[in-house]
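Okay, so here's the structure we're looking at.
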Protein chains: 2
Amino acid sequence: MPVLTNIATLVTCRAEGGQSALHEIPEAALAWDGDQVRWVGPEAELPDDWADAERLDADGALVIPGLVDCHTHLAFGGWRADEFEQRIQGVDYRTIAEQGGGIASTMRHTRAASEDDLAAKSHGFLREMARLGVTTVEVKSGYGLSAADELKLLRVYRRLHQEQPLRLVPTFLGAHVVPPEYRDDRAAYVDLLCEYLIPRIADAGLAQFCDVFVEDTAFSVDEARRVLTAGTEHGLRPKLHVDQLSDGGGARLAAEVGAVSADHLEYTSDDGIRAMAEAGVVAVALPLASLYLNQPPMDARRFVEAGVPVAVATDFNPGTAPSYHLPLALTLACTMNRLTPAEALKGATLIAAQALDLDDRLGALEPGKQANFVLLDAPTVNHWLYHFQANAVVATYVRGERVD
Amino acid sequence: MPVLTNIATLVTCRAEGGQSALHEIPEAALAWDGDQVRWVGPEAELPDDWADAERLDADGALVIPGLVDCHTHLAFGGWRADEFEQRIQGVDYRTIAEQGGGIASTMRHTRAASEDDLAAKSHGFLREMARLGVTTVEVKSGYGLSAADELKLLRVYRRLHQEQPLRLVPTFLGAHVVPPEYRDDRAAYVDLLCEYLIPRIADAGLAQFCDVFVEDTAFSVDEARRVLTAGTEHGLRPKLHVDQLSDGGGARLAAEVGAVSADHLEYTSDDGIRAMAEAGVVAVALPLASLYLNQPPMDARRFVEAGVPVAVATDFNPGTAPSYHLPLALTLACTMNRLTPAEALKGATLIAAQALDLDDRLGALEPGKQANFVLLDAPTVNHWLYHFQANAVVATYVRGERVD
């Protein structure tokens, strides 16, 4: 039953008050037992029950809930550094995709990689993410794009979830793009997803969510509806990649199918935002993708003002967001997506947990929640996200144990 | 006489070939003696002279010249985290300045700080910059804005240059904004700069450059011409902050006065670019400022294509660019300013040294130049700037000694 004391400010990120309410406690203490938070409050009010508990000194740190990266494509073969240079030289994402680059290139390298290779590479990323304060990571398949290779990716995630301390939340994204084998028979690929893969993945407990990339170069709204309906029938809750390159009506689809989140949303119409607000869909801002693609970012203020909770994630992937630096994504969410630092932090803790349907257990520091927390060398949340440093994290704890 | 071996690729950044030519040597070795590079080339061709030299193993690192941050406002009192939040909420930079925030706020904190306080704070920044691969830092005054406080800042820089390993290159920026005491008599402040401060600073050897912020809220082209002319008469070479918020004709002034660099340039006209090309003025891109101000970035391609060498720097300051992470600025120079990774790296090595009139001694790895170099954990320059990490630097050497 350890107690962390000498916390300059503890940011609880409790739900009350919505996106901008952090519920900060000055001169705080945090007590936990096993993997659960038992008490948070002013250190001067620490109950006597904890008088003999082991004390850990936070040395005046700012303490926040463990960060939740609710949108990543963690496991992939190869990299695409040369496409980064091509895009700067003016070649657009669609053109690169049409030339066999983009997702198709990563697909070839992912198919060629063994489970061991993919696990070892991802394990390295997770270690670095823990050092950056990340404690929970949503992880999508979608670079296998064949039955065997999609199952391979999801098995890699299951193994990583067991072998290292961060919680991984797996999402089946077989509907990332249509693989080349099915280019002339898209319907057959959608059949493979709905009739073969989704039932097997659900039976084996290999994913919790089902996601579809809705875009001209990927899947139509009708195809997405079919895949997500099949997922829902098998207990996989819907997520969506929508409106990244144009307004494709994806936000309205997210509302219609009861998606837990809709992600990207750079080009979403006011109608789409209203539909998301009414249906309670979380919007996920992915500013690193806007930065790397040099495209107009999602305007998060429009969503917040319409009553849509906004999460912030990295979108870590080898093409359009090749960085897992979630604190950088939070600073960018301020400068590019126009979230305040408080809103951005809530978006990478409680609201990100909500985008994974885990907000009953994660994302805030209050009794009964998991003891996932981060010590930061920063005087305030504003200062942390304003003065961007390589890494302001002093220590990261997952389920009550230090992991960085 | 040590030799660094087992370098996967050594990037020399020699001058030939201009902005995009890196002159990479695979499987290289680097030999130095004291503070000077003596030999670079393929390890297999290392001359016999070095057979008995001390060997250091680069362990397959990518080796680049020590980074040069050619535009910072390193020493200042206070911070301005709350203005960061204000700007997100829609308050613009000019309005904040008019309300007594912005530079005037930092001026008050800087005047209140002692030399010891300013030196200790800046020393901490320099240690972190060294860990990020930075070996040379241009440092501007400009937050004192009184005779005593401007001299204080320049004395802090002299002391820091002596007390820590990075080379500091001091610039007098008394003409940053008109201080409140002179609001009703701007000419008297310009007189103070030209007739009192510049001669004393030059006599004491406290600065190498003289800089002026040309903008509606700061100084006019005519005022800048007077200050820079006085600087030139006393041996301080001109630099300029121009066209950051509007096209104020600053680029043409830079050409007219023979400035070593013109910095910012977000709104520069084609005429201004042509004038800079003809006069050989270096353009300095400051993408962190564009990011933090959420303003259109300088289009570096226009400059490169017009034959203007483009340097990249952080603009580190507590208002519009509160980060000294130069590798992040380089990634942003790719995504925002449209430089290729090779062009960005040359812009933070040889061309940045050129913006400090130090390219005869710094910024490239070739015999006779200073032994300033950085070992990176990255396979290629493209990969380093594409896969943004907290810090890819393995080791930083200044004048042949490890400093990180």
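First the proteins, then the strands, lettered A, B, ... as listed; each starts at 1.
- Here the NE2-CD distance, from B/H325 to A/Q389, works out to 9.5 Å after rounding to the nearest 0.5 Å.
- The only option from B/T340, B/T335, B/N382 that meets the side-chain contact (heavy atoms from CB on, under 4.5 Å) definition with A/F84 turns out to be B/T335.
- For a residue to count as touching a neighbouring chain, one of its non-hydrogen atoms must lie under 4.5 Å from one of that chain's; by this rule B/P297 does not touch chain A.
- Using cut-offs of 30° and 60° on the angle between ring planes, the pair B/Y324 and A/H387 is perpendicular.
- Not counting sequence neighbours, the partners of B/H73 by the side-chain hydrogen bond (donor to acceptor under 3.5 Å, both in side chains) test are B/H71, B/H241, B/D315.
- Of the residues considered (A/L339, A/T380, A/L132), A/L339 shows the highest number of contacts with chain B, using heavy-atom pairs under 4.5 Å.
- B/K346 is linked by a salt bridge (Lys or Arg N to Asp or Glu O under 4.0 Å) to nothing, counting only residues two or more places apart in sequence or in another chain.
- Between B/S323 and A/T331 the shortest side-chain heavy-atom distance does not fall below 4.5 Å.
- Of the atoms belonging to A/P318, heavy atoms from both backbone and side chain fall under 4.5 Å from chain B.
- Within the 4.5 angstrom heavy-atom criterion, no atom of B/R87 approaches chain A.
- Checked by atom type and distance alone, the side chain of B/Y386 never pairs as donor or acceptor with a backbone atom of A/P322 at under 3.5 Å.
- Top candidate by heavy-atom pairs under 4.5 Å with chain B, chosen from A/N391, A/L385, A/N337, A/L291, is A/L291.
- With chain A as the partner, the residue from B/L332, B/N294, B/L328, B/I88 showing the most heavy-atom pairs under 4.5 Å is B/I88.
- Distance check: B/D82 CG to A/H383 NE2 gives 10.5 Å after rounding to the nearest 0.5 Å.
- A tilted orientation is assigned to the rings of A/F388 and B/F388, their planes being inclined by 30° to 60°.
- Between chain A and the options B/F316, B/Y292, B/W79, B/W384, the largest number of non-hydrogen pairs under 4.5 Å is found for B/W79.
- Heavy atoms closer than 4.5 Å to chain B are found nowhere in A/R131, neither backbone nor side chain.
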